[in-house]
Amino acid sequence: MSEDKPHQNLAVIGHVDHGKSTLVGRLLYETENVPEHVIEQHKEEAEEKGKGGFEFAYVMDNLAEERERGVTIDIAHQEFDTDEYYFTIVDCPGHRDFVKNMITGASQADNAVLVVAADDGVQPQTQEHVFLARTLGIDEMIIAVNKMDLVDYEEGRYEQTKDEVEDLLNQVRFDTDSVKYIPVSAFEGDNVASESENTPWYDGEILLEALNNLPEPSPPTDADLRLPIQDVYTISGIGTVPVGRVETGVLNTGDNVSFQPSDVSGEVKTIEMHHEEVPKAEPGDNVGFNVRGIGKDDIRRGDVCGPADDPPSVAETFQAQVVVMQHPSVITAGYTPVFHAHTAQVACTIESIDKKIDPASGETAEEDPDFIQSGDAAVVTVRPQKPLSIEPSSEIPELGSFAIRDMGQTIAAGKVLSVNE
Ligand code: GDP
């Protein structure tokens, strides 16, 4: 698989059981990106049993098993390529904490495929994911109207599902100009990698074409360096080695960098990527690097590395737009759940609920509400209980979104509007 092609981070979203995993499996299979060991294992077993058989179903079983084993891994990346792009599925579909990963994942989604089953239509998680996609700034969406085989490939059922999704997108004011709808069967492979004979009434793009024709995301190399730290190691002969992924900007050897909120700085001596020394690292690169004079206890996971002369901001308080997804009761001022932003996890107090927003129009629905609950969108003022480096989403989107977790689940998501340092 060529790594030279431009990268796309793709989110596959949609209601449970509508076929996200199956569609990803189908995409990996059709683009010949199913891991070699899965194919080898298949060949052996098929030979033993003396049957050729249904390869795709087998591949799906194996991918499902891999997924089961991978549940403890924060993000299990799956990858495939088309003629134009190298795609990383930002979240492993079916992962139990999809929403948190969608926000704090090592890589944020550029675009999304929304899977909606033709036999079931728009469901609560379809709504929730579309709302999130809009809140978090996903620009392009491809709608896969899936399970067409279950509705006998009827055009009427496709149109009906399409209309439901269109209503939903209009409700949340998603810019629908470039949205594409495609009737597919992930299981049978219709209109995924080749045109299906079962949908003669459809003459639009098939899924791989639509993925190929997505606009190229502009790599945020012009922005200031932002590199959230995932871990800090001590390596003999080198010293302290923070590791993380460059979100924006460029890290060069010789640069003076600052770590916030730990508030230490120094000069970058060496940068290493894939066990090789490199002179610089760009957005998307996972690197380990070494900074003159910085000890292991000076910095920690959750710090953000940026230029020393324009360091990442540390929020005394910040204002944010949040969407409450699932909270058993109500959220009032004073509530202090854990916020997950990039690699940081910090308890933060919601100091005030400034206004409730109408999710459909984005307009103020109520000033100073007493509480918010599931389904509400609101602007809130937040005070981190420990120093937290976070940025307005309009300036650095990669460091401007967060998930709010409590009781073992993601209860809300949001983006930062402004930061008071
Ligand atoms: P997810 O929860 O959205 O990831 O859904 P899955 O991919 O796990 O699919 C849920 C169920 O629907 C599984 O039993 C799949 O085999 C089935 N399924 C997925 N896509 C299709 C399809 O296109 N046609 C049919 N008939 N079944 C499908």
Side-chain angles (χ1 to χ4, degrees), residues 10-31 33-34 38 53-71 73 75-78 80 87 89-102 105 109 112-130 132-133 141-155 157-158 160-162 164-165 168 181-199 202 206-208 210-211 325-326 409-410:
L10 189 71
V12 180
I13 58 181
H15 195 69
V16 64
D17 277 348
H18 279 198
K20 297 180 294 294
S21 316
T22 309
L23 190 63
V24 170
R26 174 58 76 178
L27 283 167
L28 297 183
Y29 179 73
E30 298 284 357
T31 56
N33 284 308
V34 173
V38 175
F54 190 27
E55 285 190 47
F56 178 68
Y58 183 87
V59 165
M60 283 314 301
D61 286 349
N62 271 279
L63 289 174
E65 270 173 39
E66 304 242 307
R67 230 174 28 242
E68 292 297 309
R69 286 201 298 272
V71 286
I73 301 171
I75 292 178
H77 283 307
Q78 292 180 326
F80 66 94
F87 283 92
I89 306 284
V90 169
D91 186 71
C92 174
H95 190 286
R96 62 201 156 111
D97 208 346
F98 168 77
V99 170
K100 184 188 134 219
N101 286 347
M102 184 163 155
V113 173
L114 170 67
V115 181
V116 188
D119 64 333
D120 204 22
V122 167
Q123 293 297 323
Q125 281 170 311
T126 321
Q127 292 174 322
E128 180 183 304
H129 289 174
V130 164
L132 270 173
M141 194 134 67
I142 297 171
I143 318 296
V145 177
N146 190 33
K147 305 201 187 182
M148 284 304 299
D149 56 304
L150 288 187
V151 296
D152 295 328
Y153 300 100
E154 274 180 35
E155 184 177 9
R157 296 296 293 271
Y158 164 72
Q160 194 183 334
T161 309
K162 184 178 159 185
E164 283 180 27
V165 176
L168 173 62
Y181 295 83
I182 308 172
V184 303
S185 165
F187 200 79
E188 301 292 345
D190 298 282
N191 294 330
V192 175
S194 57
E195 227 168 274
S196 167
E197 290 177 0
N198 296 319
T199 53
Y202 177 75
I206 59 168
L207 184 57
L208 275 180
L211 289 169
M325 290 173 308
Q326 41 182 350
Q409 58 182 3
T410 302

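Order of appearance sets the numbers: ligands from 1, and atoms from 1 within every ligand. Just so it is clear, the structure is predicted and the values come from calculations on it, not from any experiment.
- Leu27 is listed as a side-chain neighbour of Leu208, based on a closest heavy-atom distance under 4.5 Å.
- Residue contact check: Leu150 has heavy atoms under 4.0 Å from atoms 26 (N) of ligand 1.
- Close approach of ligand 1 to Ser185 (heavy-atom distance below 4.0 Å) involves ligand atoms 22 (C), 23 (O), 24 (N).
- Atoms of ligand 1 found under 4.0 Å from any heavy atom of Thr22 (numbered from 1 in listed order, with element): 6 (P), 7 (O), 9 (O), 15 (C), 19 (C), 20 (N).
- The N/O atoms of Val184, backbone and side chain alike, include none that comes under 3.5 Å of an N/O atom in ligand 1.
- Ligand 1 has no N or O atom lying under 3.5 Å from any N or O atom of Glu188, backbone or side chain.
- The contact set between ligand 1 and His15, taken as ligand atoms under 4.0 Å from a residue heavy atom, comprises 3 (O).
- By the 3.5 Å distance cut-off applied to N or O atoms, Met148 is not counted among the residues near ligand 1.
- Atom CD of Glu188 sits about 5.0 Å away from atom CG of Asp149, to the nearest 0.5 Å.
- With sequence neighbours left out, the side chain to side chain contact (heavy atoms under 4.5 Å, CB included) criterion links Leu168 to Val122, Thr126, Gln127, Val130, Gln171.
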Is there a side-chain contact (heavy atoms from CB on, under 4.5 Å) between Leu114 and Met141 once you walk through the steps? CA-CA 7 Å; Leu114 170 67; Met141 194 134 67; 4.2 Å; yes

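- Rounding to the nearest 0.5 Å places CG of Asn146 at 11.0 Å from CZ of Phe187.
- Shown here is Glu195, whose CD atom has no more than 12 heavy atoms of other residues, nucleotides or ligands within 6.0 Å.
- Taking only non-hydrogen atoms, the option from Val16, Asp17, Asp149 nearest to atom 10 (C) of ligand 1 is Asp17.
- Ligand-side atoms of ligand 1 in range of Lys20: 1 (P), 2 (O), 3 (O), 4 (O), 5 (O), 7 (O), range being under 4.0 angstrom from any heavy atom.
- Within the 4.0 Å heavy-atom criterion, the part of His18 lying near ligand 1 is the backbone and not the side chain.
- By the ring-ring contact (aromatic ring centres under 6.0 Å, His included) test, Tyr153 is found to be paired with no residue, residues two or more places apart in sequence or in another chain being considered.
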